Amino acid sequence: MIDLVTGAAGFLGSHLCDALLAQGREVIGLDNFFTGRRQNLAHLRGNDRFEMIRHDVINPILLEAGRIHHFACPASPIHYQYNPVKTIKTSVMGTINMLGLAKRVKARILLASTSEVYGDPEEHPQKESYWGRVNPIGPRSCYDEGKRVAESLMFNYHAQNGVDIRIVRIFNTYGPRMALNDGRVVSNFILQALRHEPLTVFGRGEQTRSFCYVSDLVAGSLLMMERDGLTGPVNLGSPTEVTVLELAELVLRLTSSRSKIIFKELPVDDPVRRRPDIALAREKLGWEPRVTLPDGLRETVDYFQRVLAE
Ligand code: NAD
Ligand code: UDP
C-alpha cells in the first residue's frame, strides 16, 4: 500500500516521509516547492521506496494510494499572507482534489488542520468541541478559514461519499528543517540569537503558545492515521504553555547569546493564549509529547548552526 504525502518537501511533510520510510512503507511525495525545499529530502535520493512528484494540489491528480497524508499548505504567517488567495485555493481546492482522489481510489485521508481554527480563543485550554473565534476578514483568515472549510469538506465527503477521514489539529510545532526565512517565532529567535542580533518580541511578549517537537507531532499523526473508527478532529500539541518572552529568554540561555530583547508591534489578530487540551489524544491514541522544550530547542539550535555554517 502506498502512502501519499502532500507538502512532502516542507518541514512536517519531510519528517513524515522519513518516519513512513522507517516503517518500511512505500511513499510518494507531492509538492509545488512554494515553501518546501529539495534539501529537506536530499537524504532520500536513491531510496527506491520513495518517489517525488512536482505537483500543485490545486490541480487534480490521479494515482494509486492507500493512505493520503494531506499536509500541503504554507503554515507560517508571512508565507500564507504572501499570496492569500493562493492560500485559500490550496486549502479549499487542494482538499477537494485530495478528497476526490481518496474517494476514487478508496484511500484513507488525513488532513493536517490547525489550532488556528480556534482563532483567538475565549476557551482555554482549547478542546476539540470548541468552535473557535476567527475574524473572517482579517489578515489570518486566508489560512484559518481555509482550514475551517477544509475540515468541513472532509466531513461532508465522509457523510456524502463514505470517504474514510482523519483530522488532526496541529498546534505550534518546531524542529530541524523549519525554513530559516519563514518568520515563525522559534526560527526567528534561534537565528537572531546565533547571529547575536536582537530578538524581536512582538507586543509585550505576554501572549502564550505551546510548542511541540516535530518527532512527537509526527508520531501522533501516524497513530491517528492508523487508528480505526476515529475521524477526529483530535488536537496534537504540547500541553506546556510558555509566554513568548519566556521562550526568548530560554533561547538566549541555550545559545549563550549576547543578543538583547527588543519589543516590536504586535501583528493584527495575534491570538493571546493558545494551549491544547490533549485529553482526547491521550485517551484515544495513547499519545502525548515526550520531548521537553529545552531538549527540542537544543536539537533545533544544532540544526540551525549546521545550516548557517554551510
Ligand atoms: P511548510 O511550509 O514547511 O510545508 C508546507 C509544504 O506544502 C511546503 O513544502 C510547500 O511547498 C507545500 N505546498 C504549499 N502549497 C502547495 C500547493 N498548492 N501544492 C503543493 N504543495 C504545496 O509548513 P509545515 O509547518 O510543514 O506545515 C505543514 C502542514 O501542517 C500545513 O498544512 C500546515 O497548515 C499544518 N500545520 C503546521 C503547523 C506547524 O506548527 N508547523 C501547525 C498547524 C498546522
Ligand atoms: N512572534 C514574536 N517574534 C517573532 C515572531 C513571532 O514575538 O519574531 C510572536 C507572534 O506574535 C506570536 C508568537 O510569537 O504571538 C507565535 O508566532 P508564530 O508566527 O510562530 O506562530 P502563530 O502566531 O501562528 O502561532
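Each ligand, and each atom within it, is numbered from 1 in the order the structure gives. This one's a predicted model, so the numbers in the text were calculated from it and none came from an experiment.
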### Task
Look at ligand 2 and say whether Q192 reaches it with a heavy atom at a distance under 4.0 Å.
no
### Task
Could you see which bit of F33 sits under 4.0 Å from ligand 1, with heavy atoms only: side chain, backbone, both or neither?
backbone
### Query
For atom 14 (O) of ligand 2, which candidate among T200, L191, T243, V185 provides the closest heavy atom?
V185
### N172 and ligand 1 - part of the residue with a heavy-atom distance under 4.0 Å
backbone
### Query
At under 4.0 Å between heavy atoms, which part of S113 makes contact with ligand 1: side chain, backbone, both or neither?
backbone
#### Entry: Test: R38 cationic atom under 6.0 Å from F33 six-membered ring centre, within 45° of axis
yes
### Task
Can you pull out the closest protein heavy atom to atom 23 (O) of ligand 2? Residue, atom name and distance to 0.1 Å, please.
R140 NH2, 3.0 Å
### Message
Tell me the contacting part of K264 for ligand 2: side chain, backbone, both, or neither, using a 4.0 Å heavy-atom threshold, strictly below.
### Response
neither
### Task
Please work out whether any backbone atom (N, CA, C, O) or any side-chain heavy atom from C-beta onward of P267 is under 4.0 Å from ligand 2, and answer side chain, backbone, both or neither.
side chain
### Proximal atoms of ligand 1 relative to A112 (non-hydrogen, under 4.0 Å)
30 (O), 32 (O)
### Task
Report the part of V186 (side chain from C-beta onward, or backbone N, CA, C, O) that has a heavy atom under 4.0 Å from ligand 2; answer both or neither where that applies.
neither
### Y118 and F171 aromatic ring geometry - parallel, tilted or perpendicular at 30°/60° bounds
tilted
### Query
Of the protein's non-hydrogen atoms, which lies at the shortest distance from atom 12 (C) of ligand 1, and what is that distance?
D31 OD1, 3.3 Å
